[in-house]
Amino acid sequence: MDTLRDKVCVITGAASGIGRAIAHALADRGAHIVAVDLDDDGVRALADELGTTALAHRADVSDPDAFQGVRTATLQRFGRADVVVNNVGVLTNGLPQDIPVAEWQRILDINLMSVVRSNAAFVPLLLEQGRGHLVNTASFAGLFTYAYDRMPYAATKAAIVQISEGLAIYLRPKGIGVTLLCPGPVLTNIAAAVPTFGGGAPLRTPGEQFELLDPAPVGELVADAIVRNRFFVPTHPQVVDELRRRLDDWDAYIDYQISRKPL
Ligand SMILES: NC(=O)c1ccc[n+]([C@@H]2O[C@H](COP(=O)([O-])OP(=O)(O)OC[C@H]3O[C@@H](n4cnc5c(N)ncnc54)[C@H](O)[C@@H]3O)[C@@H](O)[C@H]2O)c1
């Protein structure tokens, strides 16, 4: 896709943080935004900021019917969808033996099944159109492991990495681009209300080499990746160093992570 001008872009988790920054970056380049979020006030405020061509749509992405509703609302308003950004993600905290199975299920439904259901609603449409672009927000936590206190989150993000790579191989020859956004630490509301099980675990950070970024440049990276049809978008180049280190000797990498002290 060589320009975002007049493109219809559906973005989930658009009311806050990275989703909000992506919405602004795409709108700045002339796109029409369908802003989807559980936070009704937040998504309406964003649509007001973006102007008359933005549509606010309240939905819980873990609801099995949510994406059919998003698709219908998008087609009614704009008649097509060019870009779909699957960006919602939530954290949960606890040691492996303390996180209940029901909490695993909740995180799977929000973080992973939302991507599956979005694909079920929008991939046939993009195939029919013969053009378009998907963006999936995973995380560096889906590429390598620096903490054991957020396994459901990391597992969903690793699954999103795999789904995205498979879709890229399938869809690129059909004229549809796929971008895998893998943010490192970004200053958003993601840590504001994280459920904690079993009294919690000592916080394990990814390491001092990962600086905390503002969301705005992340939005710009995504806009560039869509226009340049790029797949892998890490926000921190150190992610690549970390992957190389693990590939080099996976046992040594695990020993290195064990040796790092929690905060
Ligand atoms: N912030 C980081 O450091 C970081 C790092 C790596 C990956 N990520 C990923 O970036 C993405 C965006 O996160 P963020 O940091 O901007 O968080 P955020 O909490 O600031 O924004 C998330 C948005 O998703 C919405 N949301 C939550 N549950 C929802 C649901 N069930 N249905 C619809 N909307 C829902 C929230 O209302 C909020 O507006 C997530 O997938 C997250 O995993 C963030």
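As the structure lists them, so they are numbered: ligands from 1, and atoms in each ligand from 1.
Closest heavy-atom approach to atom 10 (O) of ligand 1 within the set V88, V194, T137: this belongs to T137. Among V186, I22, V115, the residue whose heavy atom sits closest to atom 2 (C) of ligand 1 is V186.
Among the atoms of P183, none of the N or O lies under 3.5 angstrom from an N or O of ligand 1. Where the criterion is an N or O separation shorter than 3.5 Å, residue side chain and backbone included, V61 meets it with respect to ligand 1. When only interatomic distances are considered, the shortest N/O to N/O separation between D60 and ligand 1 falls below 3.5 Å. In terms of polar-atom proximity, G89 is counted as a contact of ligand 1, with an N or O under 3.5 Å from an N or O of the ligand. For ligand 1, none of its N or O atoms has an N or O atom of I110 under 3.5 Å away. Considering backbone and side-chain atoms together, D39 places no N or O closer than 3.5 Å to any N or O of ligand 1. Considering backbone and side-chain atoms alike, G13 places every N or O at 3.5 Å or more from each N or O of ligand 1.
Under 3.5 Å, the side chains of E242 and Y253 contain a donor-acceptor pair of N or O atoms. A side-chain donor from one of S118 and N86 sits under 3.5 Å from a side-chain acceptor of the other. With 3.5 Å as the limit, one finds a donor-acceptor pair spanning the side chains of S164 and N136. Side-chain contact of T156 with N111: a donor-acceptor pair under 3.5 Å is present, judged by distance alone. Inspection of the Q209 and H236 side chains reveals no N or O donor paired with an N or O acceptor under 3.5 Å.
Annotation: atom 15 (O) of ligand 1 to nearest protein heavy atom, T188 OG1, 2.5 Å. Among protein heavy atoms, atom 34 (N) of ligand 1 sits closest to L38 N, 3.2 Å. Here the protein heavy atom with the shortest distance to atom 44 (C) of ligand 1 is I18 CD1, 3.7 Å. The protein heavy-atom contact nearest to atom 13 (O) of ligand 1 is I190 CD1, 4.1 Å. If you check which protein heavy atom lies closest to atom 39 (O) of ligand 1, you get D37 OD2, 2.7 Å.
The shortest side-chain heavy-atom distance between R230 and D224 does not fall under the 4.5 Å cut-off. In this structure, the side chains of H24 and L50 come closer than 4.5 Å at one or more pairs of heavy atoms. Residues L126 and Q129 have side chains in contact (heavy-atom distance under 4.5 Å, counting atoms from C-beta outward). Counting heavy atoms from C-beta outward, L180 and V161 have side chains that approach closer than 4.5 Å. For the pair F140/K157, no side-chain contact is recorded, criterion being any heavy-atom separation below 4.5 Å from C-beta on.
When each atom of ligand 1 is checked for a heavy atom of K157 under 4.0 Å away, the hits are 40 (C), 41 (O), 42 (C), 43 (O). Under a 4.0 Å criterion applied to the non-hydrogen atoms of A59, ligand 1 contributes the atoms 32 (N), 33 (C).
Here A192 has no heavy atoms under 4.0 Å from ligand 1, in either its backbone or its side chain. Contact annotation: for R20 versus ligand 1, there are no heavy atoms closer than 4.0 Å. Contact annotation: for Y153 versus ligand 1, heavy atoms closer than 4.0 Å belong to the side chain alone. Using a 4.0 Å cut-off between heavy atoms, N87 contacts ligand 1 through both its backbone and its side chain. Heavy atoms from both the backbone and the side chain of S16 come within less than 4.0 Å of ligand 1. If you look at A138 next to ligand 1, the close heavy atoms, those under 4.0 Å, all belong to the backbone.
Proximity of G184 to ligand 1 is established by a heavy-atom distance of less than 4.0 Å. Using a 4.0 Å cutoff on heavy atoms, P185 counts as a contact of ligand 1.
With a 6.0 Å radius and a threshold of 12 heavy atoms from other residues, nucleotides or ligands, R29 has its CZ atom above the threshold. The local environment of CZ in R246 is crowded, with over 12 non-hydrogen atoms from other residues, nucleotides or ligands closer than 6.0 Å.
The pair R106-E103 counts as a salt bridge, with a side-chain nitrogen and a carboxylate oxygen less than 4.0 angstrom apart. A salt bridge is defined here as a Lys NZ or Arg NE, NH1 or NH2 lying under 4.0 Å from an Asp or Glu carboxylate O, and R131 with D82 meets this definition.
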